[in-house]
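Only one structure is covered here, and it is reproduced in the block below.
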Amino acid sequence: RAPGLATLVPLATLATLPTVATLATPNVASAQGGRAPAPGSVAWTTTTLTTLATPAEDRTRLGHLLGRDSTAGFLLRSPRLGPLPEAGPSGAAAGILPEVLLVHNSDIPSADNDGALWAGRGASVLVRGGLAARIGRVTVVLAPEVAHSRNAGFASTPALLSGQRPFTGPFAPPWFAGPYAIDLPIRFGDQSYTVLGFGQSSVTYGAGRVAFGASTENQWWGPGVRNALLLSNAGEGFPHAFVRTARPLRTRLGDVEARWFLGTPTRSLFAAADAAAERGRVLNGAAATLALRSAPGLTVGLARLVLSSERTFGGGLGRALDVLVRHDNLGTGDTLRTDLKSDQLASAFARYVVPGARAEVYGEFARLELPRTLRDFLTAPLNTGAYTLGLAHAWAGPRAGTFRAGLEVSNLEQSRTFTDRPPPPDFYTGRAAPAGFTTRGQPLGAAIGPGSQSQWAALDYFARRWDAGLFAQRVRHQNDALYRVPAPNTFRNDVSLAGGFRGGVRAAGVDARATLTATRRLNYLFQNGTFNYLGIGSVDVHNLTLAVSLAPTGRAHARPPR
């Protein structure tokens with residue numbers, strides 16, 4: 001199903017297609033040398049698009065620790081386009097070399113930072129590629145994606161096992177309804193599932209230090225490696241208009257970078273009843289970072305998202321400044337508010353790459369509700385909060401290689417801080433916009449999802465042309481929802497224990513990586529013992545996940561790690 005792009009993707013995108021097709025004529029030598037472009041022609045070559053949470057980005061992050069690469073722009077980032085040739089009389093164009101991700105799950109779906117791909121049971125694949133062009137100040141990237149999931153059947157909720165139809169819909173969990181609504185299906189239908197969309201496409205106009213345009217690309221805000229609390233590539237990108245700094249703005253305090261956008265996330269076809277009735281959503285976001293001049297290596301940032309339910313494009317435009325002027329609290333007394341005009345998330349984050357120590361520490365803290373008063377913040381700063389904390393250290397290994405160890409913990413579970421207020425809703429759920437902070441049934445932020453927590457550790461070795469490592473992870477899934485199912489108890493926590501190996505090689509212009517993960521999921525979907533709906537005992541699932549990615553190397557990542 002091709003995604004609805006609403007009206008935020010400008011007609012200029014389609015208008016440029018004939019021009020781009022004209023540019024795509026390889027009649028000159030590449031940017032690396034050759035004859036000058038003939039009159040009326042364009043410079044043509046091939047290039048890469050470095051997408052989010054890829055091996056190439058991972059090596060860039062290692063480069064930060066080793067003092068080799070600049071950290072500028074890394075806490076607010078989108079896919080990075082490789083070099084284009086020097087423009088000819090009619091501009092410059094390049095074919096974007098293709099990228100492929102394949103995932104196979106043996107028993108149940110898996111969630112990761114894999115963009116538009118929903119990795120159900122069986123084989124799943126995502127492919128992207130396309131064309132880039134620069135005409136004067138305008139840069140056009142057409143990088144469509146197609147994602148396909150075999151989506152084989154698996155044992156999911158007890159209601160589905162017994163042939164019943166949950167009131168939330170046949171594929172939506174019954175514990176996400178009412179004030180806890182969210183578009184987060186357990187399974188994306190009962191057939192194979194395919195998504196075709198504009199993917200990592202954008203039209204950007206550069207105006208000196210500022211750039212603006214429209215895009216469907218993913219964004220990653222914050223310092224996390226595994227989980228970003230507001231925006232990541234756990235799901236696909238969504239159509240949005242944007243304004244952002246084209247390069248850091250130098251001030252007395254340090255270098256400032258900023259982003260603003262107004263977009264329309266897409267609802268899935270398998271949303272729960274509350275979310276399915278929603279006509280449309282508008283998401284307004286803004287973020288800024290400061291790389292402190294007085295503390296080299298330290299970058300701090302603030303970000304905010306405001307989500308509203310809107311049926312018309314004109315109403316959506318009226319939300320363009322919500323991140324500055326809109327403030328709604330969750331409610332008082334015993335019940336959550338149901339008359340909210342918007343749902344909101346705000347975060348503060350920081351990353352410190354310790355100069356000369358080959359180490360970094362980072363953290364992000366987010367809240368569903370801004371403090372109502374200074375007293376409110378001082379007495380309960382963690383109210384409606386979530387956090388990610390992490391660290392990494394690199395050191396020299398044998399044969400001119402480098403070891404790196406990393407740890408990261410994330411917690412999105414909510415606690416009842418104020419007894420005179422209702423319990424906070426699950427992170428990412430929606431009241432004003434019942435589909436919540438999701439796009440096409442996957443979270444906009446942390447891949448672990450609402451009400452979850454995770455602990456992750458990894459040890460990797462990087463050589464010149466290859467790398468290898470091992471990792472372990474624990475995830476407690478949707479724990480806030482446990483207390484909304486019948487007979488909740490501590491023996492029903494849905495917990496995944498996972499470990500595995502990963503490694504990659506870079507040869508013949510291809511960056512190839514494979515990850516093998518073995519997972520034991522305890523009490524799958526809160527099913528356990530005598531409290532199980534069907535009385536069939538504890539439901540523990542063993543799942544084996546194999547993920548393989550193939551991408552062009554790009555000249556920027558051909559250097560050794562030290």
Side-chain angles (χ1 to χ4, degrees), residues 52-77 112-113 220-232 234 254 289-292 294-303 347-366 381-382 385-397 401-413 445-448 452-462 467-476 497-502 515 517 561-562:
L52 303 177
T54 57
E57 270 208 348
D58 191 35
R59 291 191 296 275
T60 296
R61 191 159 189 140
L62 175 64
H64 297 166
L65 303 186
L66 303 180
R68 187 188 68 193
D69 296 328
S70 169
T71 60
F74 199 75
L75 299 191
L76 300 175
R77 63 188 189 273
D112 207 343
N113 297 309
W220 189 290
W221 289 6
V225 174
R226 301 287 298 175
N227 292 301
L229 298 182
L230 266 62
L231 289 178
S232 74
T289 64
L290 172 64
L292 290 167
S294 59
L298 177 60
T299 304
V300 298
L302 296 172
S347 79
F349 50 88
R351 182 185 184 215
Y352 183 37
V353 180
V354 185
R358 297 188 171 192
E360 67 168 322
V361 293
Y362 58 88
E364 180 177 14
F365 177 70
L382 302 183
Y387 64 82
T388 289
L389 299 172
L391 56 87
H393 175 56
W395 65 93
T402 301
F403 282 106
R404 184 193 61 191
L407 298 170
E408 183 173 291
V409 297
S410 299
N411 187 7
L412 283 72
E413 296 182 11
I448 57 176
S452 302
Q453 62 168 247
S454 73
Q455 301 82 38
W456 175 82
L459 175 64
D460 296 281
Y461 176 79
F462 295 85
D467 59 84
L470 50 89
F471 59 90
Q473 184 178 33
R474 173 188 176 272
V475 179
R476 185 159 72 178
L497 304 175
F501 304 90
R502 60 185 181 180
T515 302
T517 307
R562 56 178 296 184

Would you say [X] and [Y] make side-chain contact, with heavy atoms under 4.5 Å?
X      : Y      : answer
Gln453 : Ile448 : no
Val353 : Thr299 : no
Leu290 : Leu292 : yes
Val475 : Trp456 : no
Phe462 : Asp58  : yes

Please verify the inter-ring angle class for Trp395 with Phe403; under 30° counts as parallel, over 60° as perpendicular, anything in between as tilted.
parallel
Among residues at least two apart in sequence or on other chains, which ones pass salt bridge (Lys or Arg N to Asp or Glu O under 4.0 Å) with Arg351?
Glu360
Could you pull out the closest heavy-atom pair between [X] and [Y], with the gap in Å?
X      : Y      : value
Ala234 : Gly445 : CB-O, 3.4 Å
Ala392 : Leu65  : CB-CD1, 4.2 Å
Ala394 : Thr402 : CB-CG2, 4.0 Å
Pro223 : Leu75  : CA-CD2, 3.7 Å
Arg358 : Ala396 : NH1-N, 3.8 Å

Between Arg404 and Asp467, is there a salt bridge with N-O shorter than 4.0 Å?
no
Short N-O contact, Arg59 and Asp69, less than 4.0 angstrom:
no
How many angstroms lie between CG in Leu389 and CZ in Phe365, if you round to the nearest 0.5 Å?
10.5 Å
Contacts of type side chain to side chain contact (heavy atoms under 4.5 Å, CB included), residue [X], not counting sequence neighbours:
X      : value
Thr517 : Phe471, Ala498, Thr515, Thr519, Thr545
Ser347 : Leu230, Ala303, Phe349, Glu364, Ala366
Ala228 : Trp220, Ser232

With a distance cut-off below 6.0 Å to the six-membered ring centre and an angular limit of 45° from the axis, does Arg61 pair with Tyr362 as a cation-pi contact?
yes
For Tyr461, all residues meeting side chain to side chain donor-acceptor pair (under 3.5 Å), sequence neighbours excluded
none
Taking only residues two or more places apart in sequence, or in another chain, which ones meet Ser410 in a side chain to side chain donor-acceptor pair (under 3.5 Å)?
Asn227, Thr388
Quickly, which of Glu408, Gln473, Arg476, Arg474 forms a side-chain hydrogen bond (donor to acceptor under 3.5 Å, both in side chains) with Gln455? Name it, please.
Arg474
